[in-house]
There are 2 protein chains.
Amino acid sequence: MSTGTGAAEVPEVGGPATQGPGAVESTHAHGLRERKKLATREELSRAALRLAMERGLDNVLVEDIAAAAEVSPRTFNNYFATKYEAICALGVERAAQIGDTLRRRPPEEGLWQAIAAAVVTHYESGHFCDPAAMASLKMVLTSPQLRGEHQRIVTTMREALAAAIAERLAAAGAACAEVDLALRAEVLAAAVIATAQVAVRRWFVVRPATALRPLLEDALAQLQAALRAP
Amino acid sequence: MSTGTGAAEVPEVGGPATQGPGAVESTHAHGLRERKKLATREELSRAALRLAMERGLDNVLVEDIAAAAEVSPRTFNNYFATKYEAICALGVERAAQIGDTLRRRPPEEGLWQAIAAAVVTHYESGHFCDPAAMASLKMVLTSPQLRGEHQRIVTTMREALAAAIAERLAAAGAACAEVDLALRAEVLAAAVIATAQVAVRRWFVVRPATALRPLLEDALAQLQAALRAP
DNA sequence: CCGCTTCTTGCGTGTCACGCAATTTTGCGT
DNA sequence: ACGCAAAATTGCGTGACACGCAAGAAGCGG
């Protein structure tokens with residue numbers, strides 16, 4: 001095993017909060033049972049996000065979400081501990097995909113190039129263009145009660161990206177095995193994700209309909225420049 | 001106004017949640033009133049942290065905290081919206097000091113050197129050595145309910161550090177005014193703080209009583225190395 | 001068709017955030 | 001020193017919520 005992914009083997013530092021039926025134990029679609037579980041979970045999550053956007057975060061009750069998903073209020077809590085968790089569940093799932101986005105970059109591409117491209121692609125392929133996603137982003141960034149869940153999204157992104165970076169480092173740089181590859185991957189992922197967050201926040205505070213992409217590219221360029229030329 | 005601090009002028013992206021008497025409107029100690037407010041706030045915060053450490057996070061009620069601070073349970077909610085906010089309030093205050101820690105570095109020191117030294121100093125001067133702080137750190141890192149508040153601590157650190165970095169950039173690098181200094185400061189601060197978090201997390205998951213400092217220095221070195229030599 | 005596992009549901013309970021209004025405390029001008 | 005206005009503390013009530021528990025229902029293997 002040696003190093004592994006360097007992310008998922010720690011004793012639960014930022015794990016989820018629910019353990020009930022909502023726990024996704026395997027991507028394998030065992031049977032009708034698993035599919036129904038996933039469907040209910042997604043139904044609840046979508047309903048939560050939709051209602052929160054329509055009425056405002058404080059004007060939606062767990063009861064409403066459960067009703068919209070056509071399950072009992074008690075069942076809601078079998079899947080999610082809080083309505084905030086339900087609202088951000090889709091975001092967490094999406095965040096986990098950034099690793100594959102990096103893995104899809106051509107192998108001959110430089111590491112930094114690949115990472116930057118993956119991040120840009122991830123944020124663009126996301127629904128970061130339509131005003132609906134803009135509003136949901138605003139909600140997540142402003143509401144104090146969603147801060148913890150947003151942090152969970154970011155953590156997921158960081159871990160997924162770190163895992164993919166570690167693979168790429170291991171594949172390309174078996175030569176310089178002196179440094180701790182896992183550490184380097186984690187640091188790199190953390191720095192890039194943090195930079196992306198800066199870009200998103202700045203994009204959010206300057207209302208103008210300027211695209212996110214240039215801000216993202218600028219910020220990433222600044223990261224590289226700042227560390228290279230003190 | 002032009003650039004300002006680049007952190008505190010945005011329309012509340014990650015602001016606090018309480019607006020009552022607990023709001024610290026100015027550092028100016030106007031009179032007995034302000035001092036008493038601060039005292040009560042600190043009393044509540046200390047009691048919250050102490051009780052949470054003694055009994056465990058779930059075995060402490062807001063009623064207990066209020067009793068320990070000798071105020072009404074209702075008064076507690078005038079200062080803090082949740083007990084988690086109270087527990088982390090001291091951490092937030094401390095996080096805000098990292099800016100001054102950087103400002104105290106000698107001006108002739110290089111920017112990167114100064115930042116790294118400031119971060120190391122901040123984490124060392126903190127109570128990150130005694131086992132009590134270790135336990136509180138564990139609590140903050142593990143409990144899902146404290147994640148949001150921990151995020152607030154990190155955000156505060158990032159903003160404070162970014163402000164100080166911006167000053168240093170403005171003071172030293174008036175020559176290359178082409179780049180957006182505020183952006184560079186924010187990106188740099190975000191990357192460094194994120195890296196520090198990686199170090200702290202790794203230090204936390206590897207039980208051994210190894211000091212935090214070398215891990216921190218390693219991680220920061222990796223950050224610089226990773227961006228300089230792809 | 002049967003038994004086992006797993007999910008759903010209803011109910012009860014303890015905790016919590018917060019609006020509201022009465023009461024007390026504090027600051028300050030005179 | 002006195003009294004008034006501003007502000008903080010407190011008690012009460014309410015709506016919401018997380019979760020344990022146990023009974024019922026539904027998938028699933030033999």
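What you see is a predicted model; the values in this text were computed from it and never measured. Letters go in sequence order (proteins before strands), and every chain restarts at 1.
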What integer distance in Å separates [X]:[atom1] from [N]:[atom2]?
X: A/Ile87; N: D/dC17; atom1: CD1; atom2: P; value: 11 Å
X: B/Glu63; N: C/dT15; atom1: CD; atom2: C1'; value: 10 Å
X: B/Asp58; N: C/dT15; atom1: CG; atom2: P; value: 11 Å
X: B/Arg41; N: D/dA8; atom1: CZ; atom2: C1'; value: 15 Å
X: B/Gln145; N: C/dC16; atom1: CD; atom2: P; value: 10 Å
X: A/Lys83; N: D/dC19; atom1: NZ; atom2: P; value: 15 Å
X: A/Phe80; N: D/dC17; atom1: CZ; atom2: C1'; value: 16 Å
X: B/Ile65; N: C/dC16; atom1: CD1; atom2: P; value: 8 Å

Under a 4.0 Å threshold between the charged nitrogen and the carboxylate oxygen, would A/Arg202 count as salt-bridged to B/Asp180?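 A/Arg202 and B/Asp180: salt-bridged.
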Closer than 4.0 angstrom, basic N to acidic O: yes or no for B/Arg152 and B/Glu85?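 Between B/Glu85 and B/Arg152 there is no salt bridge, as every charged N stays at least 4.0 Å from the carboxylate O atoms.
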Is it true that [Y] and [X] share a donor-acceptor pair across their side chains at a distance under 3.5 Å?
X: B/Gln222; Y: A/Arg184; result: yes
X: B/Arg50; Y: B/Ser136; result: no
X: A/Arg35; Y: A/Thr40; result: no
X: B/Gln151; Y: B/Thr155; result: yes

Would you indicate which nucleotide in [options] comes nearest to any side-chain atom of [X]?
X: A/Arg74; options: D/dT9, C/dC11, D/dT10; result: C/dC11
X: B/Val71; options: D/dT10, D/dA8, C/dA17; result: D/dT10
X: B/Ser72; options: C/dC11, D/dG11, C/dT8; result: D/dG11

At under 4.0 Å, does any side-chain N or O of [X] touch on OP1 or OP2 of [N]?
X: A/Tyr79; N: C/dT8; answer: yes
X: A/Lys37; N: C/dT6; answer: no
X: B/Asn78; N: D/dA8; answer: no
X: A/Asn77; N: D/dC19; answer: no

Given protein heavy atoms under 4.0 Å, the one-letter contact record of nucleotides 24-30 of chain D, with B base, S sugar-phosphate only and - none, is simply --BBS--
Which is more 5' along DNA chain C, the nucleotide nearest A/Thr40 or the one nearest B/Val62? Just name the residue.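 In this pair, the answer is A/Thr40.
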For the residue pair B/Glu149 and B/Ile153, establish whether any side-chain heavy-atom pair is separated by less than 4.5 Å.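 Answer no - side chains too far apart.
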